[in-house]
**Q** 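Structure in structure tokens, see below.
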Amino acid sequence: MSSPARVRFAPSPTGRLHIGGARTALYDYLLARQTGGKFVIRIEDTDRMRFVPGAEAEIYAALSWLGMEWDEGPDIGGPYAPYRQSERTEIYLEHAKMLVDSDHAYYCFCTAERLATVRKEQQARKQAPRYDGLCRRLSPEEALDRKNAGESHVIRFKTPRQGKTTGIDAIRGEITVENASLDDYILLKSDGLPVYHLAAMVDDHLMEITHVLRTSEWLPTFPLHVLIYEAFDWEQPAWVHMSVLLNPSGKGKLSKRHGSGGAHAIYPIELKEAGYMPEAVVNWLALMGWSYDDRTEFFSMSDLIGKFSLAKLNASPAAVNFSKLDHFNGLHIRSLSEEDLASRLVPHFYAAEIEVTVAQLRPIVPLIQERSRTLDEAVEMSGFFFRDAVQPDPQQLIGKNMSPAESAAALARSIEVIQGFDRLDTESLELSLRKLSGDLDLKVGQLFGILRVAVTGQRVSPPLIETMEILGKELVLERLKQATELLESSK
RNA sequence: GCCCCCAUCGUCUAGGGGACCAGGACGUGGCCCUUUCAAGGCCAAGACCGGGGUUCGAAUCCCCGUGGGGGCACCA
């Protein structure tokens with residue numbers, strides 16, 4: 001184990017937390033827990049225009065649901081508070097001024113309009129859009145005068161015009177760019193608030209972040225960040241640029257909605273509502289861009305904490321595969337205790353307007369645990385247990401290769417057989433019904449199929465005999481009779 | 001247009017010069033089991049982007065091409 005890592009998840013509250021962000025947070029969390037370090041949350045809310053109320057709350061909710069507890073953050077504080085960038089504005093201003101004083105940055109008075117014009121001209125000339133350096137040439141005295149006169153200004157980084165800058169990425173090694181390809185990026189906006197390039201660097205340093213995990217979208221400006229650290233004469237953290245998540249088609253960055261036919265949720269909170277379990281989502285997310293070996297794929301959070309390693313992170317982008325999430329969810333459902341599964345099912349039954357208790361659910365859990373891939377699927381399959389009545393499709397009450405009359409007769413004979421029981425017990429009930437199918441010269445599947453639809457109202461259900469036992473003699477007879485009538489009246 | 005990154009089955013990946021006529025998983029197809037659906041078991045199809053090097057030897061190293069992704073805001 002390496003020395004304790006201080007890692008931060010630093011989302012901006014501009015929208016909902018999606019699975020890409022959740023995966024970044026997961027790797028942060030794993031690294032922190034594995035090394036006995038700290039997992040901190042920092043909210044990067046320096047963009048007032050894009051601020052979305054409620055976004056921060058959902059970030060917390062999603063991380064909590066996924067099982068990642070943080071050690072420091074805006075809501076719980078910590079030794080490096082405040083953790084919300086909008087509450088740290090003086091710090092950034094102070095640091096921006098430090099860079100001006102050391103000649104690593106300068107005041108710029110260009111208006112947005114001028115910049116737009118310059119950019120347009122450059123693009124027309126097929127040149128890379130970049131600041132033309134007008135204010136970089138101002139003398140410090142003149143700049144200070146204009147600034148003191150109250151002229152609106154920003155602070156720009158004085159990117160070296162010559163040479164190259166190299167940064168070390170933990171996944172890919174050296175990343176080198178020509179400084180000339182970098183811009184004199186704005187560090188502090190005219191509203192006095194910092195931009196990511198300044199705020200994140202300052203905070204990462206001040207908060208003593210040891211590993212910066214972010215997506216590869218930051219690779220192009222990575223050398224700039226290295227330069228900023230150098231300008232402050234700070235020690236570089238370990239830089240880790242993870243690959244981005246792609247749409248299932250492999251075309252383009254993961255976007256809000258997509259789908260071949262149906263759309264899948266890309267927000268953890270929606271996944272939760274759709275019946276996926278946090279353990280499965282974590283397992284699934286962990287494997288998008290990271291792997292352990294050539295065969296192990298089932299991981300609990302504590303497995304991951306033990307086995308995660310930056311060295312096994314993959315540099316190439318990964319297309320999201322939702323059918324694999326279904327698979328993992330099934331795996332995790334099956335790994336739960338029956339008691340646990342029952343209690344997790346309760347809210348999903350409520351969502352389907354079926355009010356049940358864990359105790360009521362307990363007996364049916366063994367019947368559905370092996371055959372459900374999502375919690376919602378389990379509800380769909382077993383909802384009939386708790387509904388007052390079922391509505392079978394008359395067409396489905398007709399057995400395979402059978403006439404309606406033959407089906408009705410089979411139903412009638414089944415009723416007789418069941419009436420002979422004091423209480424339904426699986427062993428003898430199965431024996432009796434199998435015998436009946438022989439007597440009727442039917443295949444077991446034909447008879448059971450009819451009974452299944454009659455009793456559950458569904459073609460797909462848990463095993464028939466066990467289902468009947470749980471339903472009980474009275475209810476089974478009632479539904480069987482109802483089905484018979486349905487068959488008669490639809491002739 | 002410029003810059004950066006990436007490149008193994010449809011998808012996620014193992015592989016870091018000989019152990020590879022390339023392994024696992026999802027998905028797909030088939031079979032078995034079977035009261036439906038699952039689960040489980042077995043089997044099958046399915047990939048090293050192309051071209052040059054380096055080397056006795058390249059999926060693995062280098063170069064070029066191509067393809068894909070990302071970035072080029074007073075967003076993050």
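All heavy atoms count here, side chains included; hydrogens, waters and symmetry mates do not. Every value quoted in this text rests on a predicted model; they were computed, and no experiment measured them. Residue numbers begin at 1 in each chain, while the letters A, B, ... track the order of the sequences.
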**Q** Among B:U36, B:C74, B:G10, which nucleotide has an atom closest to any side-chain atom of A:Asn321?
**A**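 It is B:G10.
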**Q** Please determine, for the side chain of A:Lys324, which listed nucleotide (B:G71, B:A25, B:U35) has the closest atom?
**A**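 The listed nucleotide nearest to A:Lys324's side chain is B:A25.
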**Q** Tell me the interatomic distance from A:Asn314, atom CG, to B:C12, atom P, rounded to whole angstroms.
**A**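 That distance rounds to 9 Å.
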**Q** Which nucleotide sits closest to the side chain of A:Ala318: B:A76, B:C74, B:C12?
**A**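 The listed nucleotide nearest to A:Ala318's side chain is B:C12.
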**Q** Please state how far atom OH in A:Tyr292 lies from atom C1' in B:A25, giving the value in whole angstrom units.
**A**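 Atom OH in A:Tyr292 sits about 17 Å away from atom C1' in B:A25.
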**Q** Using purine N1 to pyrimidine N3 plus N6-O4 or O6-N4 for Watson-Crick, or N1-O2 and O6-N3 for G-U wobble, both under 3.5 Å, which nucleotide pairs with B:C33?
**A**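 Checking every strand shown, B:C33 finds no partner, since no pair has both distances under 3.5 Å.
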**Q** State whether A:Tyr267 and A:Arg16 meet the cation-pi test: NZ (Lys) or CZ (Arg) under 6.0 Å from the six-membered ring centroid, and within 45° of the perpendicular axis.
**A**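 Here A:Arg16 passes the 6.0 Å and 45° test against A:Tyr267.
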**Q** With respect to the side chain of A:Ile175, which nucleotide from B:C37, B:C4, B:G1 is positioned closest?
**A**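 Side chain of A:Ile175 sits closest to B:C4.
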**Q** For the side chain of A:Arg172, counting heavy atoms from C-beta on, which of B:C6, B:G15, B:C74 is nearest?
**A**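 Nearest listed nucleotide: B:C6.
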**Q** Quick one, A:Met288 and A:Val320 - any side-chain contact, counting heavy atoms below 4.5 Å?
**A**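 A side-chain contact under 4.5 Å exists here.
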**Q** Go through B:A39, B:A76, B:C74 for me and flag the one nearest to the A:Val154 side chain.
**A**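 Nearest to the side-chain atoms of A:Val154, counting from C-beta on, is B:C74.
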**Q** Give the nucleotide from the list B:C74, B:C12, B:C6 with an atom nearest to the side chain of A:Lys189.
**A**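 It is B:C74.
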**Q** Taking the nucleotide of RNA chain B with the nearest heavy atom to each, does A:Arg295 or A:Pro462 sit closer to the 5' end?
**A**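 Closest to the 5' end, via its nearest nucleotide, is A:Arg295.
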